[in-house]
Amino acid sequence: MYVEIISFGTSTVLFLILGLVMLTGRRDNLPKTMLAVASLVSATWSGSVTYQGFYGGLIGFTLFLEFIRSLAWFTFLLVMLRTAYKGTDQVNKNFKITFVGLSIFIIGMIFLALYRISGGSLFEFVAGNDVLIGHLLISIGGIVIIEQLYRNTSDEQRWGLKYLWIAIGAMFTYDFYLYSDAFLFQRIDNELWNARGFIHAMVVPLIGLAIKREMQWSLGNESIDIFLSRRMVFHTTTLLASGIYLIFIGFGGYYVREMGGDWGIVAQATFLFAAILILVVLLFSGKIRARIKVMIDKHFFHYKYDYREEWLRIIRTLSMQEGDKNLHVRAIRSLAQIIDSPGGLLVLERDNGSFESDERWNYEPTHVRESANSTLNRFLSEHQFVISLDEYNDDPDMYTRLGPLDIPLWLSKNKNAWLIVPLMLQDHLMGYVVLLRSPAHERYFNWEDSDLLKTAGRQAASHLAQYESAQALVSAKRFEEVNRLSAFIVHDIKNMIGQLSMVVSNAAKHKNNPMFIDDAIITVENSVNKMNKLLVRLKGEGEADKNAEFSLCELLEESIRNCTAAGTLPIPVLNCRNEKIMITADRERMSANIAHIIQNAQDATDSSGSITVKLRKADDHAIIEIADTGEGMNEQFIHDKLYQPFESTKGTMGIGVFQVREYIHKLGGQLDVESEVGVGSIFRLHIPLTLSINTAQVVSLSEHEQLKRDV
Amino acid sequence: MSKPKLLIVDDDEGIRTQLKWGIKGFDIITADSRQTAIDQFEEHHPQLVTLDLGLPPDVEGTSEGFLILTAILECDPTATVVVVSGSEVKVNSVKAIEQGAFDFYAKPIQIESLQKVLNKAFSLIK
């Protein structure tokens, strides 16, 4: 009984795994789906027999499942056979008829078997034999279809499919043997029955082997490749190995208990616990996992890598932020992960042309400085090869026949250093990564690893170059800010030097004049104030705005007056629509900004042209519109230069539209520009209003003071 | 005989004050903005003008200074203006001369050298 349980239990587990593996990935073709169904039905039937072995009963159900299992396998074989012929209507019709006939036969057999089990005695002279004959016919039918399939399999496809036919054929052949024997001796032999589970279990690896050979699910021209996930194979293999291990441990534990006498139970528990602990340790071992992966890649797949998965992982590692690890460390990791390398060192080209160590990951501290002309750098640059130091040590000619190559001392003396992966940016070597030895891969490094590492190295190089460009841009912007600030500082310092040197110069002549002393004190005080302002500016604090509420319309009138005081034309026409819009801002800065825009408009417009300044309210914004009929600007100028500090069409170092926009943004507003060459420009300043802005809606300051006094 | 008039246009009070003490041989008038500069020029018709380019509201630029230069020369095309500036010396000196300035003086101001420039300018226009 135990043998039956173990035998059919093993078959159950293996068919279940096979069925589940088949259900992973694409299920877009009938043969594959039918193989999954047949495997799962076989698992259910084996499971039912196992249950029967444990608890008895279920005879009718088990018999029913056995016929269903046969039907499932026949269906799979027929579907495969159909692909061998061109799918004409006649062929499809014939197969439909065969399938329906077969189904009717098997369903009939099911009813017959159930009838006999329940004691049915019709046609008593064949009772017992009729069901056996049915089983025999099914197994013979299976062998016949297998023979047909084998004949219709081309030589090219036979390599991939032969194990499948052998596996299924073996099942039917054994069934034929079993039921022939039963028919001959009028009873099912227990030993043969118990071995049936093992026999069926044995064919599962053969089916797996056929799938591993990337069999095509068709015998005709139209083929659909099977997709077998490496991860699924990895987990299944691990699970299977763990299961086999545990079965052996179970037997071992049983033996220990039987032989252990008084210590039997204790020894068994200790043995089992220790065995499970070892299993857990092994499963968590990176080295063991790496070896299993290599074994799977080597024996189950044509290619070592699932390139899609590898590529996604490389990009994910390069792109994602992982704690405080910077891109340089992630670049090493992205390459190391490919071949399970435990660490690496990044060497990058510096501005002076030398190659120096940059970042390391699980790599001993190493200082590297290689000349750009070293043979290693030249070799990597010219040939763009991944260098395996093991290969180089075994046979240097492999590399040196391509060009001179000397491995530097810092690299050759590190016995764990294994691979040198070039980081190519187009055709330029921007650095390389030295990877540490991977125990799982070291004897298995081939062109696939090399190609993938080389390509991944290019990707890493692009990311590193992009990062460095971004850093350089930030530095350039900082320098630009410093330059701008230093221009202001130099200007102010010149003024202060001028003032103080004049004080000294004048003091020689007027030091006894009390009035001069008073003026000198004022001048020095003035210089001190300027220096304080400079300090504030250098600290980046800026001058505080003197915010106050004022009427925008009045400010515009004043700005226009200032801009035309010297007789400058054209004189802007103001249109405030009689609205008294108030805003809170630094009046002086706002005045300077508006004056700047108006002056720009005057500079750009011929004296016969016109400038219009409009003020209006829209929702919660005041809009100042300064429109001119001047020369206008093209789109490129607006995009590239208008908002650049110190860019001016007038050749001056003015505050520029840049500063106007900065201030409007500071107020929470917006500056828009519309312009057309030869037609003119419109500058729109959108300035947010606050609750206290519209005087029509609020109490004036004086009224407010009055109210306070009244209260 | 009355002294020739010199209009000093600069927004920095310390510079105006010290130039008043240091520059000899001129009656000095001062102005700290575009409006006052134009008013003073129209009122006193000075023989010489020293003009700082960086005036409010464009203290850090030169637009105000050039506007004043234009306004003065429009008022009196023979006016002698010495432009004084410390920023973008090359660009601004060329532009100032192009626009009609007599000379360009680069900051920082040294009394003695500015005095010489002004004396030379005055001797030439006499």
Side-chain angles (χ1 to χ4, degrees), chain A residues 484 487-488 490-507 509-510 513 515-516 518-520 522-530 559 561-563 565-568 588-596 599-600 602-603 645-646 648 650-656 659, chain B residues 10-24 33-39 41-42 52-54 56-75 84-89 91-92 94-96 98 105-115:
Chain A
R484 203 173 71 218
F488 297 140
V490 166
H491 177 263
D492 282 358
I493 287 176
K494 278 180 181 175
N495 271 351
M496 285 185 283
I497 291 170
Q499 283 180 28
L500 295 174
S501 68
M502 282 193 284
V503 169
V504 173
S505 172
N506 291 333
K509 297 169 196 166
H510 307 289
N513 185 337
M515 284 173 70
F516 169 75
D518 289 345
D519 279 351
I522 291 168
T523 306
V524 172
E525 194 180 352
N526 188 288
S527 292
V528 170
N529 287 339
K530 274 187 180 292
S559 299
R561 258 200 316 275
N562 286 338
C563 290
T568 313
E588 201 176 313
R589 285 189 73 177
M590 183 58 88
S591 170
N593 286 322
I594 289 170
H596 181 82
Q599 282 165 13
N600 271 354
Q602 286 176 318
D603 289 343
F646 311 115
S648 168
K650 297 178 283 180
T652 62
M653 203 179 94
I655 55 172
Q659 226 162 344
Chain B
D10 201 307
D11 64 323
D12 195 314
E13 192 191 350
I15 287 177
R16 291 197 307 269
T17 308
Q18 290 307 315
L19 283 176
K20 270 200 284 187
W21 281 103
I23 297 294
K24 299 294 175 195
S33 67
R34 177 154 46 126
Q35 193 56 55
T36 51
I38 292 164
D39 291 346
F41 187 83
E42 285 175 345
D52 180 26
L53 291 178
D58 190 7
V59 182
E60 287 164 355
T62 56
S63 59
E64 279 294 305
F66 280 114
L67 284 170
I68 295 171
L69 177 62
T70 309
I72 287 174
L73 292 173
E74 277 177 5
C75 184
V84 178
S85 178
S87 55
E88 304 262 315
V89 172
V91 175
N92 290 327
V94 171
K95 194 179 173 196
E98 273 176 2
Y105 185 89
K107 282 184 176 179
I109 297 172
Q110 300 289 332
I111 291 275
E112 292 76 13
S113 57
L114 182 62
Q115 179 79 57

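So you know, we letter chains A, B, ... as the sequences are listed, proteins then strands, and number each from 1. These numbers were taken from a predicted model, which means no experiment stands behind them.
Here B:S85 contributes atom OG and B:N92 contributes atom CG; the two are 5.0 Å apart, rounded to the nearest 0.5 Å.
With chain B as the partner, the residue from A:L500, A:T523, A:I497, A:I493 showing the most heavy-atom pairs under 4.5 Å is A:T523. Of the listed residues B:Q110, B:K107, B:R16, B:E13, the one with more heavy-atom pairs under 4.5 angstrom with chain A than any other is B:K107. Contacts with chain B were tallied for A:V524, A:D492, A:N526; A:N526 has the most, counting heavy-atom pairs under 4.5 Å.
Within the 4.5 Å cutoff, side-chain heavy atoms of A:I522 are placed close to those of A:D519.
Heavy atoms closer than 4.5 Å to chain B are found nowhere in A:V490, neither backbone nor side chain. Proximity to chain A (any heavy atom under 4.5 Å) is shown, for B:L19, by both the backbone and the side chain. For chain B, the nearby parts of A:M515 are the backbone and the side chain; heavy atoms of each come within less than 4.5 Å.
Exactly one of B:E112, B:Q18, B:Q115 qualifies for a side chain to side chain contact (heavy atoms under 4.5 Å, CB included) with A:S505. That residue is B:E112.
Using cut-offs of 30° and 60° for the angle between ring planes, the A:F516 and A:H510 rings count as tilted.
Under 4.0 Å is where a charged nitrogen must lie from a carboxylate oxygen, and between A:K530 and B:D12 at least one such pair does.
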